[in-house]
*Asks:* 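Just dropping this structure here.
Read the numbers this way: they start at 1 and go in the same order the structure lists the ligands and their atoms.
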Amino acid sequence: MRTTVAPVTEGPAQETGGCAGVASPSFETVIGLEVHVELATVSKMFCRCSARFGGEPNAQVCPVCAALPGALPVPNRRAVEYAIKIGLALHCRIGDRTRFDRKNYFYPDLPKAYQISQFDRPLAQDGYLQVGGKRVRIRRVHMEEDAGKLLHAEAGGGSMVDLNRAGVPLVEIVTEPDLSSPEEARLFLQQLRTVLAYLDVSDLRLEEGSMRCDANLSLRPAGHSALGIRSEVKNLNSFRAVERALGFEEKRQERILAGGGRVVQETRHWNDPEGKTLSLRSKEEANDYRYFPEPDLLPLVVPPEWVEKVRAELPESPDERLARLRDEDGLSAYAAEFIVAAPEMAGFYDRCRTVYPHPKTIANWLMGEVSRLLNAGSGALTQGSVEPDGLAELLTLVDRGVLNGATAKTVLEEMFHSGERAAAIVTRKGLGQISDEDKLEAAVGEVLSANPRAVADYRGGKTGALGFLVGQVMKLTKGRGNPETVNRLLRGKLEGGD
Ligand code: ADP
Ligand code: MG
Ligand code: ZN
């Protein structure tokens with residue numbers, strides 16, 4: 001963002017400047033993000049306890065994650081592999097000799113009083129994520145373990161700790177301060193989530209905390225390269241919250257700087273209902289984590305062959321998919337982007353595409369009826385009430401003339417609700433399209449004799465009357481008439497003259 005700030009004469013600065021022509025400083029916004037992603041491994045980072053979310057409190061705990069004396073950690077190979085995947089998808093260099101460090105701090109949800117993390121030798125470094133036309137540099141991707149969770153009882157009941165989450169593998173992704181507006185920060189996160197979703201390494205649920213973000217923002221005079229003093233915002237539970245909180249910080253800092261003040265380097269807490277940030281702690285009170293190499297673990301050697309194996313197995317990236325859907329399947333840019341933005345939909349599309357050869361038809365149904373039903377709360381594509389081959393079967397019934405477009409929509413809705421196959425619904429409800437000429441001819445005859453006016457219009461040259469008559473026949477057949485046959489029969493009668 002570039003904002004012009006009015007010169008301050010007296011009192012606090014105004015939020016926006018309106019004094020055209022007056023020389024005034026303008027600021028640019030600088031944002032860097034730290035994103036935590038919980039890895040969806042079966043077991044925890046350094047022990048064999050289940051890493052599943054939401055179990056009965058403290059049912060997924062052992063001596064290692066409860067930090068009993070003498071218990072030793074053993075790294076989870078799958079977690080390291082997932083972290084390598086993330087590093088590669090973000091175009092990072094993977095360190096072959098990386099190691100774990102202890103990050104020391106005291107908090108009741110951290111039984112060891114230190115977190116195993118990575119300090120100066122992260123697993124992956126120096127990557128980027130393409131967001132629209134911009135390359136946002138990724139400084140590092142490192143592995144660590146999650147802490148437990150405090151549960152606060154009702155007033156007077158004290159607090160309890162649940163260690164099920166203690167030791168769940170996490171990856172932290174840190175960007176360079178390359179983002180220039182709150183909106184860009186949100187777009188970055190959305191793109192990051194899409195890229196990660198295709199890797200299938202995390203649930204990526206902001207509400208459940210499997211994806212979390214801290215946002216750093218500073219302002220500097222436009223054109224300067226030195227960074228300004230930043231604040232860091234925590235407690236951001238949605239992409240929207242990130243954008244709003246950063247918008248608030250931008251204005252707050254601008255007001256301070258325009259008033260000749262100095263921004264204090266501090267951590268701030270986003271209060272979503274009130275729409276503002278509040279100071280949590282300043283840098284002077286900041287923790288000194290006293291990082292040192294974790295003595296219970298050897299340096300982690302990631303052989304290049306392992307990295308290359310993971311690289312070879314990486315799924316298609318969202319950008320590659322976009323190109324494929326556009327260039328090979330012939331979809332419009334809009335349709336391709338719509339499908340690729342939702343990995344479940346893209347997976348559904350691909351599977352449907354293998355059994356049904358008309359990509360544009362699939363795309364139209366996904367963007368139209370399927371999305372409408374999903375938005376109306378008819379479950380998720382991954383819940384399996386409608387499978388890709390089920391949609392393919394429905395579309396084939398339309399192609400074969402068994403169903404017309406309108407009835408097919410009704411059938412699809414029924415498929416979502418009951419999980420039944422299209423053909424079964426068509427039979428049970430008698431929804432098959434009427435292509436039987438004798439039946440349609442009877443309906444056509446009925447409509448013609450009931451609408452002498454339209455017949456006369458058509459014969460007098462007003463060919464638009466045909467549409468009306470087709471509509472009447474469709475009404476009479478409850479939408480089940482084969483539109484082409486109805487058209488042909490009507491035309492034949494009208495032009496044949498009887
Ligand atoms: P810390 O050690 O406090 O976590 P880092 O230097 O690791 O600080 O930076 C954390 C995040 O803050 C990174 O995403 C980085 O890009 C961002 N950042 C650092 N300094 C600034 C600044 N002055 N303005 C905006 N973002 C910044
Ligand atoms: Mg940090
Ligand atoms: Zn354990």
Side-chain angles (χ1 to χ4, degrees), residues 1 27-36 41-52 55 58-68 71-76 79 90 101 103 105 111-112 116-120 122 125-129 136-142 144-148 162-169 172-182 184-185 188-189 192 213-221 224-234 236 242 246 249-250 253 257 262-268 280-289 291:
M1 180 195 82
F27 296 110
E28 41 182 59
T29 302
V30 177
I31 297 169
L33 303 175
E34 295 161 281
V35 183
H36 279 96
T41 49
V42 174
S43 58
K44 292 187 181 180
M45 183 70 222
F46 298 110
C47 63
R48 302 172 78 164
C49 291
S50 166
R52 202 169 48 83
N58 297 311
Q60 296 157 208
V61 182
C62 74
V64 174
C65 54
L68 297 193
L72 289 173
V74 177
N76 180 335
L90 298 176
D101 298 277
K103 178 179 180 179
Y105 66 94
K112 292 196 293 278
I116 304 181
S117 180
Q118 299 195 285
F119 186 54
D120 54 352
Q125 296 183 75
D126 299 330
Y128 66 88
L129 177 68
V136 178
R137 290 171 301 159
I138 304 294
R139 180 182 291 175
R140 56 190 279 150
V141 175
H142 71 251
E144 56 190 31
E145 54 176 345
D146 212 342
D162 175 8
L163 293 181
N164 283 353
R165 202 180 64 180
V168 168
E172 180 172 343
I173 299 161
V174 183
T175 75
E176 292 293 345
D178 283 353
L179 296 156
S180 344
S181 72
E184 202 171 79
F188 171 88
L189 288 170
L192 177 65
C213 170
D214 299 336
N216 299 269
L217 180 144
S218 64
L219 299 184
R220 66 180 168 199
H224 283 219
S225 57
L227 292 173
I229 298 169
R230 71 182 147 133
S231 52
E232 176 177 9
V233 188
K234 291 190 180 286
L236 301 169
V242 173
L246 287 172
E249 275 305 291
E250 197 174 49
Q253 294 189 12
L257 294 174
R262 282 175 63 88
V263 172
V264 187
Q265 184 168 341
E266 63 183 351
T267 303
R268 298 178 68 88
L280 211 58
R281 54 176 181 267
S282 73
K283 202 65 186 177
E284 289 75 62
E285 309 159 53
N287 295 305
D288 173 0
Y289 295 118
Y291 279 100

*Asks:* At a non-hydrogen distance cut-off of under 4.0 Å, which region of Ile229 contacts ligand 1 (side chain, backbone, both, or neither)?
*Replies:* neither
*Asks:* Check whether any side-chain N or O of Glu250 sits under 3.5 Å from a backbone N or O of Ser181 as a donor-acceptor pair, and report yes or no.
*Replies:* no
*Asks:* For ligand 1, which atoms sit closer than 4.0 Å to a heavy atom of Leu227?
*Replies:* 23 (N)
*Asks:* Please report the interatomic distance CG(Asn76) to OG(Ser43), rounded to the nearest 0.5 Å.
*Replies:* 4.5 Å
*Asks:* Once rounded to 10 degrees, what value does the angle at the Zn ion (ligand 3) take between SG (Cys47) and SG (Cys49)?
*Replies:* 110°
*Asks:* Under 4.0 Å from a heavy atom of Gly228: which atoms of ligand 1 are those, numbered in the order shown and with their elements?
*Replies:* 23 (N)
*Asks:* Below 4.5 Å, heavy atoms only, C-beta onward: do Val74 and Val64 meet side chain to side chain?
*Replies:* no
*Asks:* Going by the atom numbers of ligand 1, which of them fall below 4.0 Å from some non-hydrogen atom of Arg139?
*Replies:* 5 (P), 6 (O), 7 (O), 9 (O), 15 (C), 16 (O)
*Asks:* Begin with the C-alpha distance, continue with both residues' side-chain angles, and end with the deciding distance and a verdict on side chain to side chain contact (heavy atoms under 4.5 Å, CB included) for Asp214 and Leu33.
*Replies:* CA-CA 6 Å; Asp214 299 336; Leu33 303 175; over 6 Å; no
*Asks:* Tell me whether Glu232 reaches ligand 1 (any heavy atom closer than 4.0 angstrom to a ligand atom).
*Replies:* no
*Asks:* With heavy-atom distances below 4.5 Å as the criterion, would you say the side chains of Leu217 and Gln253 are in contact?
*Replies:* yes
*Asks:* Quick check: do Pro122 and Glu144 have side-chain heavy atoms less than 4.5 Å from each other?
*Replies:* no
*Asks:* How long is the gap from CG on Asp126 to CD on Glu176, to the nearest 0.5 Å?
*Replies:* 7.5 Å
*Asks:* Using a 3.5 Å cut-off on N or O atoms only, is Val174 in polar contact with ligand 1?
*Replies:* no
*Asks:* In a check of side-chain contact (heavy atoms from CB on, under 4.5 Å) between Leu179 and each of Thr29, Asn216, Val136, which one passes?
*Replies:* Val136
*Asks:* Which ligand 1 atoms, with their elements, are less than 4.0 angstrom from a heavy-atom of Ser218?
*Replies:* 22 (C), 23 (N), 24 (N), 25 (C)
*Asks:* At less than 4.0 angstrom from any non-hydrogen atom of Glu176, what atoms of ligand 1 do you find?
*Replies:* 16 (O)
*Asks:* Could you tell me whether some N/O pair between Leu217 and ligand 1 is separated by less than 3.5 angstrom?
*Replies:* no
*Asks:* Taking non-hydrogen atoms only, is Thr175 closer than 4.0 angstrom to ligand 1 via side chain, backbone, both or neither?
*Replies:* both
*Asks:* Which of the numbered atoms in ligand 1 are under 4.0 angstrom from any heavy atom belonging to Leu33?
*Replies:* 14 (O)
